[in-house]
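Basis for what follows: all heavy atoms, side chains included, without hydrogens, waters or symmetry-related copies. In what follows, residues are counted from 1 in the order of the sequence shown.
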Amino acid sequence: MVKPLLTIAGFAAVILIVLGVSAAIKGNGALAVIPLVFGIGMIGAIAWISHRASAAGNK
């Protein structure tokens, strides 16, 4: 049950990072920081949840 949710969250994190990078390329610095921070934070959270789930035996 954990893996599909992490996959969906991973796609959302990648979309946020792409939006942040495209905003940074266009020159909108303030709009670029927010999605980048959330996207990178989501990837860290996904890695932590995946690690805890595999340590607990939930695949």
Can I get a per-line list of side-chain donor-acceptor pairs under 3.5 Å for residues 41-48, giving both atom names and the distance, sequence neighbours left out?
none

For residues 8-23, dump all side-chain donor-acceptor pairs below 3.5 Å to protein atoms at least two apart in sequence or in another chain.
| residue | atom | partner | partner atom | Å |
| --- | --- | --- | --- | --- |
| Ser22 | OG | Val18 | O | 3.3 |
| Ser22 | OG | Leu19 | O | 2.9 |

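Applying the under-4.5 Å side-chain rule to Ile, Leu, Val, Met, Phe, Trp and Tyr, the cluster around Val37 extends to Val33. Chaining together hydrophobic side chains whose heavy atoms lie under 4.5 Å apart leaves Leu31 on its own.
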